[in-house]
Protein chains: 2
Amino acid sequence: MALEHAILVSLLEKPGSGYELARRFERSIGYFWTATHQQIYRVLKRMENDGWVEAREVPQQRRPDKREYSVADLGRAALSSWLHDPIEPESVRHDLAVKIRGAAFDDPAALIREVERHRQTHRDRLAHYLAGEERDFTGPDAGATAPDTPLDAERELQHVVLRGGIAYERMMIGWLDDVLATLARFGPDH
Amino acid sequence: MALEHAILVSLLEKPGSGYELARRFERSIGYFWTATHQQIYRVLKRMENDGWVEAREVPQQRRPDKREYSVADLGRAALSSWLHDPIEPESVRHDLAVKIRGAAFDDPAALIREVERHRQTHRDRLAHYLAGEERDFTGPDAGATAPDTPLDAERELQHVVLRGGIAYERMMIGWLDDVLATLARFGPDH
DNA sequence: TGATGCATGTAAGCCGTTACATGATTGT
DNA sequence: ACAATCATGTAACGGCTTACATGCATCA
C-alpha cells in the first residue's frame, strides 16, 4: 500500500489541505495513483495520529477554514524507510483484456464501440499529458537554473514520471488499434 | 470487479478445479489479472450458490479428489450482460512512480538498484510472453484451420491480448531505461 | 528427512468504493 | 433559482492480502 507514501510525497512537494490533496490526486499525482477525498481524509487522520504529518489551522476569508498539513520528521523517516524497501513489480489488471478474451464466447463485434471509447479516453489523456509537459517542462526557463540542485532533481523526476504516463498512453492507443483490427475480422458479416 | 468474469472466461476456455484456476492465474490469465487461491475458492463458492457454475466431483488416483467446475447457463448470461455493460478505463497505479518522485527528497541514486530489479522482471516477463507467442501462435498450423471459426476467434483474441502484454513490457523496459538515465544524473558524485 | 506439488479451505484486517451528509460562497 | 466550488466528514459493504491450517504423494 502506498497511499500514505503518495500523500507524503505530495505534501513534501507542497503542503496542503485534504481537499487540495484530493485535487492533486485528480491531476498530476493521479497520473499514477488515484484516491478519493474519503480515503484521503481517513488516511490523513491516521497519519496525524502516528505523527507523520502536522496540521495547521488556516483561517480563510469567504471560505471555510482549512487544515493545512505538512510532513513531520517521523513522516520523512517513514518515507525514507519505504523508499529503501524493495517492492515487487506490480501485476496489471485490465478489465478490458478480460472482456476481449470473453468476447470469443459472445459477439466480438459488440465490443468495438467499447474499445473505441477506451481508445478515445487514452487519446484525451495523452493530449492532457502532452499539454502539461509543454507547460511545465519545456518553458523558456527549462534548464536555466544551476544544474543538480534539489529543485532540478524534483523537476526532472516529475518529468520522467510524466514521460512514463505519456509512453503508457501511446502504447495503449497502439494496442487498442490492434484490438480493433482484430475484432473487425470477426464482425457480424462473417 | 471482474474476478468472477475472469473466472467465467477461463472456465469457458476449459473447465477446471479451483486449484487449476489458481495455476492459470499465475500464467496466461495472470498476464492481465491476478488472483490467489483464497480469492478463487471464495468466489467459486459464491458463483456456485448463484448458479453461475456447476461442480462435478472427479475422483483421482494418487491425488486428492477435485471439484471440476464448468460454466452454467446463468453464468454465460452473466458474462454476456457484463460484456455489454460499458466499463470505465482504469487508472494506473504505479508504486514505483511514487518512489521515483519521492526520491527527490531522499537519495535518488539509492533507487537505481530497485529500478534495475524491476527492469529485469519486465525483461523476464517479455521473454516469457514471446516464448508463449512462439509456442502457441506461430506454430506450423497457425492459420491452417478454416477462417472465422469460433476456435479462430478464441485464438485470435487470446493472441491480441498477449500482444498487449508484450507491448506493455516493451514500453516499461524503455521507460525504465529513461528512468535510469535520469537517476544517474543525480548520483552521489554530484 | 525435507522440500515441492496437489488440493481445499478459514480468519482477520485493511483497503477501496459508493452513498449520504452539511454548509457557505460564487457564478450563470 | 441552480449548479459548481471550497471544505470536511460518516457509514456500510465488499474486495483483497496475509497468515494460518490440513493432509497426502513424490522426489532428492
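Reminder, nothing fancy here: chain letters follow the sequence lines and each chain counts from 1.
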- Item | Nearest-angstrom distance from the residue atom CD of Glu26(A) to C1' of dA4(D) | 13 Å

- Note on the structure: note: Glu48(A), atom CD; dT8(D), atom C1'; distance rounded to Å ~ 13 Å

- Query: In whole Å, what is the span from the CD atom of Glu68(B) to the P atom of dC6(C)?
  - Reply: 16 Å

- Message: Does anything in residues 174-183 of chain A form a salt bridge (Lys or Arg N to Asp or Glu O under 4.0 Å)? List the pairs, not counting sequence neighbours.
- Response: Arg119(A)-Asp177(A), Asp178(A)-Arg163(B)

- Message: Without decimals, in angstroms, what is the distance between Arg93(A) CZ and dG16(C) P?
- Response: 12 Å

- End-to-end bend of the helix from dT1(C)-dA28(D) to dT28(C)-dA1(D) (five-pair axes, 10° rounding)? 40°

- Item | Presence of Arg46(B) side-chain N/O under 4.0 Å of dG15(D) phosphate oxygens OP1/OP2 | yes

- Query: Of the nucleotides dA7(D), dG16(C), dA7(C), which has the atom closest to the Gln60(B) side chain?
  - Reply: dA7(C)

- Note on the structure: Looking only at dG16(C), dC15(C), dG9(D), the nucleotide nearest the Lys45(A) side chain is dG9(D)

- Message: Please list all pairs meeting salt bridge (Lys or Arg N to Asp or Glu O under 4.0 Å) that have one or both residues in residues 69-80 of chain B, counting only residues at least two apart or in different chains.
- Response: none

- When the distance from CG of Asp50(A) to P of dC14(C) is rounded to whole Å, what number comes out? 12 Å

- Proximity to DNA chain D (any heavy atom under 4.0 Å), residues of residues 11-24 of chain A only: Ser17(A), Gly18(A), Tyr19(A), Arg23(A)

- Listed by chain and number, what are the side-chain contact (heavy atoms from CB on, under 4.5 Å) partners of Arg113(A), not counting sequence neighbours? none

- Could you list who else is in Tyr19(A)'s hydrophobic cluster, with ILVMFWY side chains joined at under 4.5 Å, directly or through other members? Tyr41(A)

- Note on the structure: Result for 5'-nearest mapping on DNA chain C, choosing between Asp65(B) and Thr34(A), is Asp65(B)

- Message: Tell me the interatomic distance from Leu44(A), atom CG, to dG16(C), atom P, rounded to whole angstroms.
- Response: 14 Å

- Under the salt bridge (Lys or Arg N to Asp or Glu O under 4.0 Å) rule, what pairs show up with a residue in residues 24-39 of chain B, not counting sequence neighbours? Arg23(B)-Glu26(B)

- Task: Locate the shortest heavy-atom distance separating Leu111(A) from Ile100(A); write the atom from each residue and the value.
- Result: CD1-CA, 3.8 Å

- Query: Of all residues at least two apart in sequence or in a different chain, which pass the side-chain contact (heavy atoms from CB on, under 4.5 Å) check with Thr121(B)?
  - Reply: Pro89(A), Arg125(B)

- Message: Any carboxylate oxygen within less than 4.0 angstrom of a Lys/Arg side-chain nitrogen, looking at Arg93(A) and Glu90(B)?
- Response: no

- Query: Could you give the CZ-to-C1' distance, from Phe25(A) to dC15(C), as a whole number of Å?
  - Reply: 14 Å

- Message: Quick test of your reading: applying ring-ring contact (aromatic ring centres under 6.0 Å, His included), list the pairs with at least one residue in residues 109-129 of chain A, sequence neighbours left out, ordered by first then second residue.
- Response: Tyr31(A)-Tyr129(A)

- Query: Got a sec? Which of residues 35-42 of chain A come in under 4.0 Å of DNA chain D, heavy atoms?
  - Reply: His37(A), Gln38(A), Tyr41(A)

- Output all residues satisfying side-chain contact (heavy atoms from CB on, under 4.5 Å) with Glu20(B), sequence neighbours left out; order by chain, then residue number. Ser17(B), Lys66(B)

- Partners of Glu116(B) by side-chain hydrogen bond (donor to acceptor under 3.5 Å, both in side chains), sequence neighbours excluded? none

- Message: Rounding to an integer number of Å, can you tell me how far Ile87(B) CD1 sits from dT17(C) P?
- Response: 15 Å

- Message: Would you call the rings of His94(B) and Trp175(B) parallel, tilted or perpendicular, taking 30° and 60° as the class edges?
- Response: tilted

